[in-house]
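Chain A is the first sequence line, chain B the second, and so forth, proteins listed ahead of strands; every chain is numbered from 1. Any value given below was found using the heavy atoms of this structure, including those in side chains, with hydrogens, waters and symmetry copies removed.
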There are 4 protein chains.
Amino acid sequence: MEEFDYSQLGLSDKEERIFKASIEIFSKKGFDGATTYEIARHAGVAEGTIFKYFKTKKGLMKTMTIKMIGMFSGKMILSSVEKILANPEDKNLRQLLKELLFDRIKLVDSLFPAAKILLVETILHEDVREAVYTHIVKEGIALFAKFQKTMIAKKVIREDLSPETIFRSIFGNIAMIIAQRKLFPETIRFTNLETEVETIIDIICRGIEPE
Amino acid sequence: MEEFDYSQLGLSDKEERIFKASIEIFSKKGFDGATTYEIARHAGVAEGTIFKYFKTKKGLMKTMTIKMIGMFSGKMILSSVEKILANPEDKNLRQLLKELLFDRIKLVDSLFPAAKILLVETILHEDVREAVYTHIVKEGIALFAKFQKTMIAKKVIREDLSPETIFRSIFGNIAMIIAQRKLFPETIRFTNLETEVETIIDIICRGIEPE
Amino acid sequence: MEEFDYSQLGLSDKEERIFKASIEIFSKKGFDGATTYEIARHAGVAEGTIFKYFKTKKGLMKTMTIKMIGMFSGKMILSSVEKILANPEDKNLRQLLKELLFDRIKLVDSLFPAAKILLVETILHEDVREAVYTHIVKEGIALFAKFQKTMIAKKVIREDLSPETIFRSIFGNIAMIIAQRKLFPETIRFTNLETEVETIIDIICRGIEPE
Amino acid sequence: MEEFDYSQLGLSDKEERIFKASIEIFSKKGFDGATTYEIARHAGVAEGTIFKYFKTKKGLMKTMTIKMIGMFSGKMILSSVEKILANPEDKNLRQLLKELLFDRIKLVDSLFPAAKILLVETILHEDVREAVYTHIVKEGIALFAKFQKTMIAKKVIREDLSPETIFRSIFGNIAMIIAQRKLFPETIRFTNLETEVETIIDIICRGIEPE
DNA sequence: TATGAATGAGAATTCATTCAT
DNA sequence: GATGAATGAATTCTCATTCAT
């Protein structure tokens, strides 16, 4: 699994170490369950340093949330756009989806701790929920709307489905794959990711392709 | 939305009030973010009373987790079995799924605070994860395996899909519907649940029905 | 020196102990120099108890400031009014002033730690300054205005002085006596309070009596 | 109001900037309430620079206290001596006092922040108290003793008052004037300083002049 | 049984001080 | 000399837990 390159976030050395440590600790214990002492020790900095950079524990969480949303929306949405736009005419829907999902799954795989934090925060806090909606959900749907339009024009996707519905279905399916892989890894000892993705795409495509 | 009948949990009056208050507070703030003071005030009991009944805050959480898992597995899994077993021969796959999903969504809707807690805890804590796996996921898949067998026999479901895959797809889709309804309610102002469920079932069934 | 009776403040046992300890510690080290740990230890309570009663350290200070202003305005102003109003016709100005000042000095003597805190806070904080002005200074001047009126009618006080001026002069003189006694006690080994007060009254009265 | 000329303190540029900033911040928040960060920012130097010059925060305070005491004793006591000694024979007591007090009030006015710090420290700390006593109070009383002697010789001051008593009375009165002007400025909108001083001198002189 | 005042261990936060640059 | 990032000891504050009533 490729590591996410945190240096692109434009943080100073210590800041980056705190950031990484925070992701690790917060993802394991949640915001309130984590202590700044533990984060500091993990980051190899003094506890006071955290507060120099992030003012308060909540401030640390806020900064992290923003950066994480940026990471996901940038990596997931924008790079998807590029991939789709760069689509050489001959690739079919399944091939395209496969590449897309496979990358996305790999990405979330590598960012799973961050994803956990974001999910928990989305569930618990209104403000994070709003930010996630605006920068990830809305953007994702908008992207799918465009994608869908192109695909409808090529007559490879049914016309009677809203982009929200398709997005939700695809998102729900890959979320489940990731959840299973990450939360219940012992249940997937005998299947491999590629086959799983192909099967899911088969199901989805049968569902969304015209008859 | 019908209220869940907590009296069937076999708790004393105060215990039940603490239980309900805990669900409300924990679902809003998470386990570590909630204080026993707030729960006590909400339940209308003294803080000490919580400890009389549940020994520790963690003990309260553990009891709650167990009861909540029981609630979900009982209501979701067992009652599904009954519904499916009681299936009069003439109902087709889509009709059956629709009834099943519709009920399940309504149930989770009414138990959403509990579902939130369980989800967050599943994400954060190994032990809850295990319990959820054993009593909900595994049971759910087992149920689907049986269901699938019957359906394959009737030739209304493809033979080449594992029950895990189908379960995951159905579960992922309804999870997304519930998440959207509950977390981003402002996005569903113009769609109604029944239509949404029908659309999703259409997609899933096309995906899982034989060609 | 008679002790101030703190029980009249209507505080619970622990609250009163915290209050007394706070006066002692704050008067010795100032607000920021005092620690809640030290106050708690001095009061014989747990540190947490302070926060149960006063929410924050600042809250403790605020409550104390209010109570102390109440103590001073009540004891100094109101009881002065009574004394003056109860003045049997035959007492002359000097006799009256002597009794008044003597009591006031004794009072401030016994409340000196509180007076120190109030003085420092008055110097450092706008809000305390305002409260002290409204409840002590203004009240004091109003009282003197009445007193002066009576005395002018009896022709024992010059007519050409504002009550502010007289108040300031008297207050300034007794403040200096108290300051000397309390801050530089080694300088008064050979004088006694009664003589000092009589001398000061002599000076003041010559100054404010008509020629 | 004339500014005090800090350059005469013989400090280097940065040192002087730290000194001025310290007076401002300490006078607003007290010693413990002020932070070296704020002082540094205010002085336009790095936090470390403060410690280069003054070793510790307490060292800064000590140096400041000494310089401030020097400022006051020099400016208030020594220059008073000169004024009195330079007294051309024809000036009467009231004229002399008026000039003296007027200057002193103006001086304290311009040095009020320093005076606040010194007052608070005198109240709170034994060592400052001692230094203030030795260099300001004792000196002031000694000065008054001489002054009184001359005046008694001229038969313009009563013989039966100790210099301490007179000093205290004069000091108390001007302290109150300054306190009122600085702490409760809204109460003096309609009086002017010169008249106030003259009135106070009238009261004091009646009090201390022989009958 | 139920209470809630009191506790104190533990967490967040502050800030004087150091030191490599 | 001067800087300011980094430190960590000290301080404020929180909250699960206890226990006398």
Sugar-phosphate, base or nothing in reach of D/Ala34, heavy atoms under 4.0 Å: sugar-phosphate
Contact under 4.0 Å: B/Tyr37 side-chain N or O vs E/dG4 OP1/OP2: no
Canonical and wobble pairing (Watson-Crick, G-U, under 3.5 Å) of DNA chain E, dot-bracket with |: .||||||||||||||||||||
Touch class at under 4.0 angstrom, heavy-atom based, for D/Thr36 against every strand present: base
With sequence neighbours excluded, residues passing side chain to side chain contact (heavy atoms under 4.5 Å, CB included) with B/Thr63: B/Phe54, B/Lys67
Length of the CD-C1' vector between C/Glu47 and E/dG8, whole Å: 9 Å
Distance test, side-chain N/O of D/Thr35 to OP1/OP2 of E/dC15, below 4.0 Å: no
d(CZ, D/Phe54; C1', F/dG1) in whole Å: 15 Å
Worked check of salt bridge (charged side-chain N to carboxylate O under 4.0 Å, His left out) between D/Glu126 and D/Arg129: CA-CA 5 Å; D/Glu126 181 65 23; D/Arg129 197 145 61 228; 2.7 Å; yes
Ionic contact status for B/Arg41 with B/Glu47, cut-off 4.0 Å: no
Spacing of D/Lys55 atom NZ relative to F/dG1 atom P, expressed in whole Å: 12 Å
Nearest-nucleotide pick for A/Lys52, side chain only, options being E/dA16, F/dT3, E/dA6: E/dA16
Rounded distance in Å - CD1 (D/Ile39) to C1' (E/dT14): 15 Å
Sugar-phosphate only, base, or nothing, as touched by B/Thr56 at under 4.0 Å among non-hydrogen atoms: sugar-phosphate
Under-4.0 Å side-chain N/O to phosphate OP1/OP2 contact, B/Tyr53 with E/dT1: no
C/Lys14 vs E/dT7: side-chain N/O to OP1/OP2 distance below 4.0 Å: yes
Residue-phosphate contact under 4.0 Å: A/Lys57 side-chain N/O, E/dA12 OP1/OP2: yes
Rounded distance in Å - CZ (D/Arg41) to P (E/dA16): 13 Å
Rounded distance (Å) that lies between atom P of F/dT3 and atom CZ of D/Phe51: 14 Å
Side chain to side chain contact (heavy atoms under 4.5 Å, CB included), paired with D/Phe26, selected from D/Leu118, D/Ile39, D/Val120: D/Ile39
